[in-house]
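Note that this is a predicted model, so its numbers are computed, not measured. Numbers restart at 1 for each chain; the letters A, B, ... are given by sequence-line order, proteins then strands. All values below were derived from every heavy atom in this structure, side-chain atoms included, with hydrogens, water molecules and symmetry-related copies excluded.
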Amino acid sequence: MSVRVRFAPSPTGYLHIGSARTALYNYLYARKTGGKFLLRIEDTDLARSTEESTRSILDGLAWLGLEHDEEIVFQSNNADKHRETARQLLAEGKAYRDFTPKEAVTEKTVKEAIVERARQTERNHRDNQFRDLSEVESETRVASGEPFAIRLKVPQAGKTSFEDAVYGLQERDYSDTEDLVLLRSDGHPLYNLAVVCDDIEMGITHVIRGQDHLTNTHKQLLIYQALGVTPPKFAHLPLILAPNKGKLSKRKHGEVVSLTTYRDNGFVPAAFRNFLALLGWSAGEEKEIYSLEELIEKFSLDHIHRSNAIFNFHENDPRHWTDDKALWMNAEYIRTMPLEELLPLVKAELKSAKLWREEYNSISDLGFGIADMASQKGDAGDSEQISDPASHTQNQEWYERTVDLIRQRFFTLKDFSSQGRAYFSEDYDFDPAAVAKNLTKFPDLREWLPELADRFEAEFDDTERMGSSRAFTEEHIEIVVKAFTEEKGTKLGVIMNGARTLLTGVAVGPSMLSVFETIGKDRTIMRLRSQVAWNA
RNA sequence: GACCGGUUCGUCUAGGGGUCUAGGACACCGCCCUUUCACGGCGGCAACACGGGUUCAAAUCCCGUACCGGUUACCA
């Protein structure tokens, strides 16, 4: 029989990174085995389920590239079938009506009430007074309109057992399992019933889910048993914990646990997917970077861990706002992935930062008038429209070279619009630390840098494109800058770093010669003459 | 409380009786490269929870303890 797995989130919030990993493992297993990866939205808790949340889950899966097969199943659509199943079990004597009045519980005390009740000395799970109520009396009570829940009649003696693909043999004595409620007194089917019914209905062969369901499995097994259906195989996944080994929750830990945070903060989907895959599973080799194809090829249930993993983010530390390894992996992807795959991601980032220009799409650098381009720029001020002399060189080729150049030191896609802003716009900020370190520390630069601009202007005239003059390239720039440095009797670093700060606003970046060339002659000259940074 | 799991560097992990004076990655630190750096290169720090067994031999098998987690709902 071919494999059919499912990811079954309840749409009560954003997509949690733990759930995302569960989805990923299901996906990998399905693709690995040539099976189907199905999606089921468990929206039976109508009070908490929202459409927005469903949307966000779908978006998250799409972002990670986990395409599901077949139609999405909405559990709420199956409620009638669930009820029917419960009635069937009732009719067969495998379940019974419990007329015990429903306890009124307030949200806050639910957990406490459970613990409280559990602490009471040894409960006998079979002592429900309605368990063996005669059919006649049961019907009489129903006829009189008395509300009831339907509970599964768990056998008196025996045990449930199953071989978990991750945790091995699991056994549980019946006496440790209560007569679980299948149908609420208001007719609402409960989780364990719904899951079993739907998994049967969907022909699920392998249930891969969080370890928090490990003990639920025994209850579900009892339902399969009552229904006379062979249960699927189970594989439970270790949990992902917060740094304090506690539960990773939005309420306590905020945005770091939401998958969308990573999308919105410049993560490359493949990088985060790679990171997630390695949180709780390993191929058993000394390798960290895996393409999706490799993950599919290497993935197997028996290399999944049994111990929980800590998601090691640091609150209140902007540089380590999420797990360091995730950050590192993202940087690794940004600087090593094929450029053509990175380009569209950077384009999207520049677009959302309003830094994208249509020229980056054009192969030719001819035929674009400056006025033409100025009119396409939404955010430019008056003066900038006139003085945007570099535009004519900023075509697709320039864009690709620039991205390739600056990606080496970036951690997220956001860096292209923040750290790398100066490459794409005249409107960029100066890092005060960089200004202090590279400019104000050397007051002479205030004279020298504009002077260097004059030198560039003289050395590289406008006929460069006709080949009659030296082009503004690294090789030639180096000659000019070195001569200038010697003239001033200073160190090359002083000039270079001062120029770097003026040209890019920051203290770090690629080789300064390539920065000059990339920024281009006209913009370089303009920026070297600018006093903005000095006055800031 | 009961039941069920888990425990290898700070974190993710390799390992499944001898090849382990425990390997890799991230982070951190140092050195090198260099016009800067968060790139790159080299190196360093750092772990088998504890106690008993079994065995010629245990990180690996068994038992106990400790600690952590999950479940214990007419939530999912």
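If you check B/G17 for Watson-Crick or wobble pairing at under 3.5 angstrom, you find it has no partner at all. The pairing partner recorded for B/C50 is B/G64, the criterion being a Watson-Crick or G-U wobble arrangement whose two distances lie under 3.5 angstrom. Taking a pair to require two hydrogen-bonding distances under 3.5 Å in either a Watson-Crick or a G-U wobble arrangement, B/U71 pairs with B/A2. Under the Watson-Crick or G-U wobble criterion, with both distances below 3.5 Å, B/A25 is paired with B/U11. In a base pair of the Watson-Crick type (N1 to N3 plus N6-O4 or O6-N4) or a G-U wobble (N1-O2 and O6-N3), with each distance short of 3.5 Å, B/C33 is matched with no nucleotide.
Taking 4.0 angstrom as the limit, A/His305 places none of its side-chain polar atoms (N or O) nearer than this to OP1 or OP2 of B/G69. Considering only side-chain N and O atoms, A/Ser282 lies nowhere under 4.0 angstrom from the phosphate OP1 or OP2 of B/U13. Put simply, A/Arg151 has a side-chain N or O that comes within less than 4.0 Å of OP1 or OP2 on B/C74. Considering only side-chain N and O atoms, A/Arg184 lies nowhere under 4.0 angstrom from the phosphate OP1 or OP2 of B/A73.
Within 4.0 Å (heavy atoms only), A/Pro147 reaches no atom of the nucleic acid at all. Nucleic acid contact class of A/Gly280 (heavy atoms, under 4.0 Å, all strands): sugar-phosphate only. At a threshold of 4.0 angstrom between heavy atoms, the contacts of A/Asn216 include nucleobase atoms, whether or not backbone atoms are also involved. Residue-level contact check: A/Arg335 touches the backbone only, with heavy atoms under 4.0 Å from sugar-phosphate atoms and none from bases. When heavy atoms are screened at a 4.0 angstrom cut-off, A/Thr44 is found touching the sugar-phosphate backbone but no base atom. Note on A/Pro238: nothing from the nucleic acid sits closer than 4.0 angstrom, heavy atoms only. Using a 4.0 Å heavy-atom distance criterion, A/His218 is classed as making no nucleic acid contact. A/Gln211 comes within contact range of the sugar-phosphate backbone alone, with a heavy-atom separation under 4.0 Å but no base atom that close. Within 4.0 Å of A/Lys219, counting heavy atoms only, lie sugar-phosphate atoms of the nucleic acid but no base atom. Counting non-hydrogen atoms under 4.0 angstrom, A/Arg172 reaches the backbone sugars and phosphates but no base. Residue A/Lys491 is classed as having no contact, given no heavy-atom separation below 4.0 Å to the nucleic acid. Within the nucleic acid shown, A/His236 has no heavy atom closer than 4.0 Å to any nucleic acid atom. Nucleic acid contact class of A/Ala309 (heavy atoms, under 4.0 Å, all strands): sugar-phosphate only. If you check every strand for non-hydrogen atoms under 4.0 Å, A/Thr100 touches a base.
To the nearest whole angstrom, the two C1' atoms, one in B/C12 and one in B/U7, are 15 Å apart. Between B/G64 and B/A57, the distance separating the two P atoms is 23 Å to the nearest Å. Between B/G15 and B/U65, the distance separating the two P atoms is 30 Å to the nearest Å. Straight-line distance between the C1' atoms of B/G10 and B/C45: roughly 12 Å, to the nearest whole Å. Spacing between B/A22 and B/A27 at atom P, rounded to whole Å, works out to 23 Å. On the C1' atoms, B/U55 is 9 Å away from B/G17, given to the nearest whole Å. Taking atom P on both B/A59 and B/U21, the two are 9 Å apart, rounded to the nearest angstrom. For B/G30 and B/C39, the P atoms lie 14 Å apart once the distance is rounded to whole Å.
Atom CG of A/Asp212 is separated from atom P of B/G5 by 16 Å (rounded to the nearest Å). Atom P of nucleotide B/U35 and atom CG of A/Leu513 are separated by 10 Å, given to the nearest angstrom. In this structure, A/Phe162 places its CZ atom 13 Å from C1' of B/C3, rounding to the nearest Å. In this structure, CZ of A/Phe234 is placed 19 Å from P of B/C4, rounded to the nearest angstrom. Here the C1' atom of nucleotide B/U36 and the NZ atom of A/Lys441 are 12 Å apart, to the nearest Å. The NE2-C1' distance, from A/His213 to B/G70, rounds to 11 Å in whole Å.
Closest approach to the A/Glu286 side chain among B/G24, B/C4, B/C74 is made by B/G24 (side chain taken as heavy atoms from C-beta onward). In the set B/C68, B/A38, B/A76, B/C68 carries the atom at the smallest distance from any side-chain atom of A/Lys245. You'll find that the side chain of A/Tyr167 is closest to B/G6, out of B/G6, B/G40, B/U36. Counting only heavy atoms from C-beta on, A/Lys325 has its side chain closest to B/G24 among B/A76, B/G24, B/A38. Which of B/U13, B/G70, B/C4 sits closest to the side chain of A/Leu239 comes down to B/G70. In this structure, of B/C74, B/G70, B/U35, it is B/C74 that holds the atom nearest to the side chain of A/Ser185. Nearest to the side-chain atoms of A/His303 among the listed nucleotides B/C26, B/G15, B/C75 stands B/G15. For A/Ser307, taking side-chain heavy atoms from C-beta onward, the closest of the listed nucleotides B/U7, B/U36, B/C75 is B/U7. Side chain of A/Arg500, nearest nucleotide from B/A76, B/U35, B/C75: B/U35. The side chain of A/Glu178 lies closest to B/U72 when the candidates are B/A38, B/U72, B/A25.
Under the 4.0 Å criterion applied to side-chain N and carboxylate O atoms, A/Glu42 and A/Arg40 are assigned as salt-bridge partners. Salt-bridge formation is not detected for the pair A/Glu459/A/Lys521: no Lys NZ or Arg NE/NH1/NH2 atom is positioned less than 4.0 Å from an Asp or Glu carboxylate oxygen. Salt-bridge annotation for A/Lys298 and A/Glu294: absent, with no side-chain N of the basic residue lying under 4.0 Å from a carboxylate O of the acidic one.
For the pair A/Arg421 and A/Tyr428, the cation-pi test (distance below 6.0 Å, angle within 45°) is failed. Judged by the 6.0 Å and 45° rule, A/Arg97 forms a cation-pi pair with A/Phe148. The cationic group of A/Lys287 lies under 6.0 Å from the six-membered ring centre of A/Tyr290 and within 45° of the ring axis, placing it in a cation-pi geometry.
Taking the nucleotide of RNA chain B with the nearest heavy atom to each of A/Arg306 and A/Glu332, the more 5' of the two is matched to A/Arg306.
By the 6.0 Å contact criterion, CZ on A/Arg131 is enclosed, its count of non-hydrogen atoms from other residues, nucleotides or ligands being greater than 12.
Using modelled atom types and a 3.5 Å distance limit, the side chains of A/Asp198 and A/Gln75 yield a donor-acceptor pair. Judged purely by distance below 3.5 Å, without hydrogens or angles, the side chains of A/Asn438 and A/Thr501 pair a donor atom with an acceptor atom.
A donor-acceptor distance shorter than 3.5 angstrom exists from the side chain of A/Thr217 to the backbone of A/His213, with no hydrogens or angles considered.
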